[in-house]
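Have a look at the structure below, then the notes.
First the proteins, then the strands, lettered A, B, ... as listed; each starts at 1.
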Number of protein chains: 2
Amino acid sequence: MNVTIKDVAKHANVSVATVSRVINGLGSVDEGLRNRVEKAIQELGFMPNHVARSLKMSATNTIGVAVSDISNPFFTTIAKEIENVIRKKSYSMLMVSTDSDIQKEKENISLFESKRVDGIIVSPDSDEIAEFLRSIKTPTVAIDRKTLKNICDSVYVDKEKSMYDIACYLFNKGHRNIGMVTGPKDLSTNYDRFNGFIKAHYDNGIPLDNENILFGKFDTKFGKDAFAQLFSKENHPTAIVAGSALIATGFLIQAKNMNVKIPEEVSVVSFGSVGLEELIDLKITYITELRSEIGQIAGDMILERIKHPDKPIDLRILQGTIIEGNSVKSFQI
Amino acid sequence: MNVTIKDVAKHANVSVATVSRVINGLGSVDEGLRNRVEKAIQELGFMPNHVARSLKMSATNTIGVAVSDISNPFFTTIAKEIENVIRKKSYSMLMVSTDSDIQKEKENISLFESKRVDGIIVSPDSDEIAEFLRSIKTPTVAIDRKTLKNICDSVYVDKEKSMYDIACYLFNKGHRNIGMVTGPKDLSTNYDRFNGFIKAHYDNGIPLDNENILFGKFDTKFGKDAFAQLFSKENHPTAIVAGSALIATGFLIQAKNMNVKIPEEVSVVSFGSVGLEELIDLKITYITELRSEIGQIAGDMILERIKHPDKPIDLRILQGTIIEGNSVKSFQI
DNA sequence: TTGAAAGCGCTAACAT
DNA sequence: ATGTTAGCGCTTTCAA
């Protein structure tokens, strides 16, 4: 049914070995033969079968990418960069959503292994996956997950440091009562934020009110609810840190609903750019997420790991930068 | 190096055929043997090699998805639905960005063919690709591209009808001078909008000012520029239709900059939800894009096509619905 | 420089 | 019910 290398060989009156050499540009082959073969390929419309090649070569030139939600902009930006990097080396990207379901996550990784992808890039939503990940032999890179740093190559922004920096930034502006609102408590990335928050308080000798720390979901609704809750407190924070741009957007909506002025009545800082400044006369101060960088590095790392399967675990910890807007009030000290 | 079916067979003291039967649950195999095989699989940590299976079966259980930008929310929402549909039938998704580059587009499709994907889903950015698409034998589904409807299975929202409906809606509200701002002129989806726009004018006997029609890019910046241009006209439109939510966002920003009140001074309607109403006290009237539906249908269609390669071309034309906000002023007639 | 042939891991037709 | 074996399309060693 499909044209094979054998058909080409017959048509060009050469051996399959010669055809293979021509296709791959390996070995030396006589000018005349080469032309005949190329003509035959043209005439028959031959396309090399990568499946057969993969079987023979034990390499599929495919990278599997498993993230919780392939429609989440954080991951799609990263995926785009990954694809951009690996395509240059003739790799393709197999993408799956794990829907934050640990079972699905394992199934997907197993599927990747069965499909014999050459490398896997993951951002697991639970640390349970760690031992499973340790058991697989396919090269793996973890993105945005500090907890896997001893298990496989990892690249992530140091969220503890990010939060630490933000808190210190606020302290420097004279704030002494600040809140933090972020995603699920059991995601390490939120635990990191939590640690940075605590450490900053400790290092600056500022007492910490536990009620100022709210874990929930990375979405607008939780941002709204959390803002209302924090702002309704007797002694409400003078500044609140949002664990994501969506949460920060929730803040803005709720602040508007409650007629609370930012930054006059409460300051806001976000993880990642909110990007609505042109629409709302307010530039939210934020710390960079480095999505593109993460994607690029993850792509580089997986290729590197495939090339050198036995080199020691590689680790790339990125540091975010605070981009100042006008959402933080400065107190006279 | 890797455990194969042969190793399992040896370890369990059976033939490879028996192992294969156990793995695939086909044919009948004695209870005792089955157990031995399963134990061997466990002990050796055997994972079936899908590459070999694919070669043998001439089926990879993989769908290739090629869109212009895998970080564009329109496509990622669709991709998510596609993956959701096909995973249930044990298919995986290979994703590539074509960056609106026709050359890359062809390369990607060729790559898909070489990788022997069982089906391809595309949303080409140029009609040039049509003849190329016609030449391939792999089952193909086109999304959001009316022009391919005679070449392969297609699913799209009828943008001509959408625009027609919007224009009529505005006429009914008493508008007689309306503008449209959309993406690239050479994208059929914009040509469709154009046609609907013209037809609505014609059918309603309303004269059309060509200067009211602006083609450009599907982004915020173009939205801003176009709004400024249209609104600066001597006799500016009383309503402007945005070809995408990003363009509409540009309108909002520029309206704010120019201190133009919506809908008092100019009405706005958008293709797709802008989704900022909570933040700006304005619900932009829009027509639905049906992203999820497109993705789901595309997934169904490609599976169906794979099952029945020779059935006649299938076509699913969806109709958007106008969701009324408060961005359109009603004139007394 | 070129070709013959083995073998990658699997499925399934055929034989037992 | 189970095993033997050919063959999917390719790469590559080895021999010529």
For [X] and [N], give me the distance from atom [atom1] to atom [atom2], rounded to whole Å.
X: Lys56(A); N: dC8(C); atom1: NZ; atom2: P; value: 7 Å
X: Glu113(A); N: dG9(C); atom1: CD; atom2: C1'; value: 16 Å
X: Lys10(B); N: dT4(D); atom1: NZ; atom2: P; value: 12 Å
X: Lys6(A); N: dA4(C); atom1: NZ; atom2: P; value: 12 Å
X: Asn13(A); N: dT2(C); atom1: CG; atom2: P; value: 13 Å
X: Arg21(B); N: dT11(C); atom1: CZ; atom2: P; value: 11 Å
X: Ile5(B); N: dA12(C); atom1: CD1; atom2: P; value: 11 Å
X: Leu26(B); N: dA1(D); atom1: CG; atom2: C1'; value: 15 Å

Considering all heavy atoms of both residues, which atom of Phe46(B) and which atom of Thr4(B) are nearest to each other, and what is their separation? CE1-C, 3.5 Å

If you look at every heavy atom in Ile70(B) and Val67(B), which pair is closest and at what distance?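 Heavy-atom minimum between the residues: CG2-CG2, 3.9 Å.
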
Can you figure out which of [options] approaches the side chain of [X] most closely?
X: Phe46(A); options: dT4(D), dC10(D), dT2(C); answer: dC10(D)
X: Ala52(B); options: dA12(C), dT2(D), dG9(C); answer: dG9(C)
X: Arg53(A); options: dA1(D), dA13(C), dC10(D); answer: dC10(D)
X: Val29(A); options: dT2(D), dT2(C), dT11(C); answer: dT2(C)
X: Leu55(A); options: dT4(D), dG9(D), dC10(C); answer: dG9(D)

Establish whether the base of dG9(C) is bridged to the side chain of Arg116(A) by a donor-acceptor pair shorter than 3.5 Å. no

Taking only the side-chain nitrogens and oxygens of [X], find out if one of them lies under 4.0 Å from OP1 or OP2 of [N].
X: Asn24(A); N: dT11(D); value: yes
X: Ser20(B); N: dC10(C); value: no
X: Thr4(A); N: dG9(D); value: no
X: Thr18(A); N: dG3(C); value: yes
X: Ser58(A); N: dC8(C); value: no

Between Arg316(B) and Asp153(B), is there a salt bridge with N-O shorter than 4.0 Å?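 Between Arg316(B) and Asp153(B) there is no salt bridge, as every charged N stays at least 4.0 Å from the carboxylate O atoms.
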
Are the charged groups of Asp127(A) and Arg145(A) less than 4.0 angstrom apart, N to O?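 Salt bridge between Asp127(A) and Arg145(A), a charged N being under 4.0 Å from a carboxylate O: no.
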
Ser15(B) vs Val19(A), nearer the 5' end of DNA chain D by closest nucleotide: Ser15(B)

5' priority, DNA chain D, between Met47(A) and Arg36(B) [closest heavy atom]: Arg36(B)

Assign Ile23(B) to base, sugar-phosphate, or nothing according to its heavy-atom contacts below 4.0 angstrom with the strands shown.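 Here Ile23(B) touches no strand at all.
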
Identify whether any heavy atom of Val14(B) sits under 4.0 Å from a base atom; if not, whether one sits that close to sugar-phosphate; answer base, sugar-phosphate or nothing.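 The answer is sugar-phosphate, as Val14(B) gets under 4.0 Å only of primed atoms, P, OP1 or OP2.
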
Separation between CD of Glu128(B) and CD of Glu105(B), rounded to the nearest 0.5 Å: 9.5 Å

Does some side-chain heavy atom of Asn2(A) sit less than 4.5 Å from a side-chain heavy atom of Asn49(A)?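 No, every pair of side-chain atoms sits at 4.5 Å or beyond.
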
